[in-house]
Amino acid sequence: MIVRLKKTICIILCAIVLISGLNITAYSVTDLNLTGTSALIYCADTDEVIYEKNADEKMDLASITKLLTCLIAIEKLDMNQQIEITAEAASMPKTNIDLKEGELMSVENLIAASLISSANDAATALGLACGGTMENFASMMNDRAAQIGCTSSNFVNSSGYTVEGHYSTARDVAKIAKAAFSNKDIRRLAGLSKYTIPATNLSSAREIESTNLFLEGSDGTDDFFDFVVEKYKGVFGGKTGRTVDGQCTMVNGFNHDGMEVYCVIMGSTLEGRYSDIKTLMDYAKTVICKYTVFKKDTEFGTAKLLGGATNKVKAVAAKEGFINLPEGASASLVETKCIYSDSLIAPIKKGQKIGVIEIYLADDLCGKVDLVAASDIKKGWFLSPFGITNMQTIMMGSALGLFIITVITIFVLRIKNKRRIKAIRRERLMEEARRQLEREEDLQRRGWHF
C-alpha cells in the first residue's frame with residue numbers, strides 16, 4: 001500500500017514538473033505593461049506565437065498596409081520599370097514625398113519611399129500601376145492576404161490611409177510581415193535607415209529617412225514631448241503606421257539566437273509604439289531559446305524508389321532543424337519522425353525533396369524540415385520499374401547465366417556419357433563376336449563339329 005502511494009505521488013509530481021516546464025507563461029496586459037490595445041510576438045522559424053494580447057481584434061493597421069502593397073508590386077512589376085504619377089497619387093494627403101502629376105519614378109524608388117518614409121503618394125502610385133484602379137488593387141490585396149493565411153483582414157487602399165472597412169489584426173499583420181520580409185528586395189530596402197531617390201523629370205534628388213528608429217537609433221517627437229529610441233541589435237526591418245486620429249501601429253522584425261521574430265503593436269501612441277515594441281522584443285529574448293535538433297545534411301535513413309539504378313536513396317536534412325525549447329523543458333522530450341514521399345520515380349536529382357522530418361516536443365508538432373536526396377540516382381535498366389536495381393539485375397543475370405551454363409554442361413556430359421557407354425557396349429559386342437569367330441575357326445581346324 002505504501003509503495004503504491006509513493007509511486008502515485010511520484011507520478012503526480014513528475015506530471016506537474018513536465019506541465020510547468022512546457023507552458024510559456026500567459027502574460028496579461030499588466031504583466032508587460034503595454035500601451036497598445038493589441039500585440040503579438042511571433043517566431044517565424046517555428047511558426048509559434050510566443051505572446052499575444054487581443055491579437056484577433058480588428059483594428060486600423062495604417063501604413064503597415066504598405067508591406068503588402070510593396071510585396072504585390074514586386075511580384076507584378078519590374079523593379080526598373082518607370083511609373084508615371086497620376087493626379088490621384090500626387091494628391092494623397094499626410095506623409096508623402098511630394099510626387100507630382102506626370103513625374104516618372106522607378107518601381108524600386110517608389111517601394112523605397114513607401115517602406116522607408118511611409119509615403120502615401122508612392123504607395124498609391126504602386127497600387128494604381130498594378131491594378132489600374134484602387135478598387136482592383138484592393139481586390140488583389142485581399143486575394144494575396146488570403147494566400148498568405150490572413151483570416152481577419154480587409155484592404156481598401158494601398159497606402160493604409162484611414163478609411164472605413166480597412167482593417168487587420170495583430171495575428172494577420174505578423175503573417176503579412178513574414179511573407180513580405182521573405183522577399184529579398186523588401187528586406188533590403190526596409191532595412192535602410194536613409195535612402196536617396198535620384199532626380200526625376202520633375203524633381204531634384206530626394207533624401208528620405210526611415211520611420212523605424214530601431215534601425216540606427218534616433219530622437220523622436222510626438223504631440224507633447226520628445227523621446228529617444230536606441231538602436232536595437234538584431235533588427236532587420238519593420239513598418240510603422242499612424243491613423244488619422246493618432247493611433248500608432250508597428251511591426252518589427254529582428255533576429256535572436258538565429259531565429260526570426262516579429263513583434264506587432266496596434267492602437268498605441270507614437271512614443272508608446274516604440275516602448276511597446278522594445279518591451280515585446282526584450283520579452284521575446286527572455287523566452288525564446290533555440291534548441292538545435294539536428295544539423296543540415298544529417299542523414300535520416302533511405303527512401304524507396306522505382307525505376308532507378310538503385311531502389312533506395314539516402315535522405316538528408318535540407319537545413320538545420322531547431323525548435324524553441326521553453327525554459328524548464330527537457331531536451332529528452334524532443335523527438336523526430338521521418339515521412340518519405342510515396343512512389344518516388346527515378347531519375348532523382350541531388351537536393352530533390354523526397355520527404356519531410358517532423359520535430360515534436362512532448363507529442364506536439366513544433367516544426368518540419370524537408371528531406372532531400374543526398375545524391376543523384378540515374379534511371380535504371382529494364383527491371384528497375386519493379387524495384388530491382390542494376391546490381392541485382394547483374395546478379396540475377398549472372399545466376400541465370402550460370403544456371404544455363406550448368407544445364408548445358410550437364411546435358412553435354414550426359415550425351416558424351418551415353419556415347420561412351422554405347423562405344424563400350426559396341427566394343428564389347430565386337431570383342432565377343434571376335435572371340436566367337438575365333439572359337440568357330442578353332443573348331444573347324446580340329447574337325448570338331450560340336
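What you are looking at is a predicted structure, and each value in this text was computed from that prediction instead of being measured. Computed over heavy atoms, backbone and side chain alike; hydrogens, waters and symmetry mates excluded.
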For [X], look at atom [atom1] and say whether over 12 heavy atoms of other residues, nucleotides or ligands are found less than 6.0 Å away.
X    : atom1 : value
E230 : CD    : no
E164 : CD    : no
D363 : CG    : no

Is there a side-chain contact between [X] and [Y] in this structure, where contact means two heavy atoms from C-beta onward sitting under 4.5 Å apart?
X    : Y    : result
K304 : N311 : no
Y195 : N109 : yes
T279 : N33  : no
L189 : E108 : yes
L71  : L67  : no
Y51  : V287 : no
S268 : T35  : yes
K53  : S38  : no

Ignoring hydrogens and angles, tell me if any N or O in the side chain of [X] forms a donor-acceptor pair with the backbone of [Y] under 3.5 Å.
X    : Y    : answer
N142 : A138 : yes
N96  : K94  : yes
N252 : C263 : no
D257 : M259 : no
N255 : G258 : no
R273 : G241 : yes
N183 : I186 : yes
K314 : A374 : no
D121 : I85  : no

Looking only at non-hydrogen atoms, find the nearest pair between [X] and [Y] and report the distance.
X    : Y    : result
N324 : I288 : OD1-CA, 3.3 Å
I377 : K312 : CD1-O, 4.1 Å
A346 : L305 : CB-CD1, 4.2 Å
R187 : F181 : NH1-O, 2.9 Å
A39  : I265 : CB-CD1, 3.7 Å
I323 : C366 : CG2-CB, 3.8 Å

Under 4.0 Å between a side-chain nitrogen and a carboxylate oxygen: does that hold for K194 and E216? no

Starting from the C-alpha separation in whole Å, work towards a yes-or-no answer on side-chain contact (heavy atoms from CB on, under 4.5 Å) for L126 and S158. CA-CA 8 Å; L126 289 171; S158 60; over 6 Å; no

Checking T249 against K239 for the side chain to side chain donor-acceptor pair (under 3.5 Å) test, could you report, in this order, the C-alpha distance in whole Å, the side-chain angles of both residues, the deciding distance, and whether it holds? CA-CA 8 Å; T249 63; K239 188 70 196 75; over 6 Å; no

Output, in order, the C-alpha distance, side-chain angles, deciding distance and verdict of side chain to side chain donor-acceptor pair (under 3.5 Å) for T243 and D60. CA-CA 7 Å; T243 67; D60 190 339; 5.1 Å; no

Just verifying a value: how many Å separate [X] [atom1] and [Y] [atom2], rounded to the nearest 0.5 Å?
X    : Y    : atom1 : atom2 : answer
L215 : K231 : CG    : NZ    : 8.5 Å
H166 : Y161 : NE2   : OH    : 12.5 Å
L110 : L115 : CG    : CG    : 11.0 Å
L344 : L306 : CG    : CG    : 8.5 Å
D370 : K353 : CG    : NZ    : 4.0 Å
I277 : C248 : CD1   : SG    : 11.5 Å

Verify side-chain contact (heavy atoms from CB on, under 4.5 Å) between V261 and M281, making sure each step is shown before the conclusion. CA-CA 8 Å; V261 183; M281 291 192 296; over 6 Å; no

Does a donor on one side chain and an acceptor on the other come within less than 3.5 Å for [X] and [Y]?
X    : Y    : result
Q82  : S106 : no
S210 : N212 : no
N120 : K66  : yes
S118 : T95  : no

Return each pair, listed once, that meets ring-ring contact (aromatic ring centres under 6.0 Å, His included) where at least one residue sits in residues 258-278; pairs must be two or more places apart or across chains. F214-Y274, F227-Y274, F236-Y262

Let's go through I359 and F294 carefully: what are the C-alpha distance in whole Å and the side-chain angles of both, what is the deciding distance for side-chain contact (heavy atoms from CB on, under 4.5 Å) to 0.1 Å, and is it a yes or a no? CA-CA 10 Å; I359 305 173; F294 50 81; 3.9 Å; yes

Sequence neighbours excluded, which residues qualify as salt bridge (Lys or Arg N to Asp or Glu O under 4.0 Å) partners of K278? D282

List in chain and number order the residues that pass side chain to side chain contact (heavy atoms under 4.5 Å, CB included) with V372, two or more places apart in sequence or in another chain; answer none if no residue qualifies. V316, A318

My understanding is that only residues two or more places apart in sequence, or in another chain, count here; which of them pass side chain to side chain donor-acceptor pair (under 3.5 Å) with T200? E103

Residues that S153 engages under side chain to side chain donor-acceptor pair (under 3.5 Å), provided they are two or more places apart: S168, D172

Passes salt bridge (charged side-chain N to carboxylate O under 4.0 Å, His left out), D98 versus K100? Steps please. CA-CA 6 Å; D98 194 26; K100 299 173 179 61; 3.6 Å; yes

Do any pairs count as a side chain to side chain donor-acceptor pair (under 3.5 Å) and have a residue in residues 289-298, sequence neighbours left out, and if so which ones? K290-E320, T292-E320

Steps toward side-chain contact (heavy atoms from CB on, under 4.5 Å) verdict (I97, S117): CA-CA 8 Å; I97 55 170; S117 65; 3.7 Å; yes

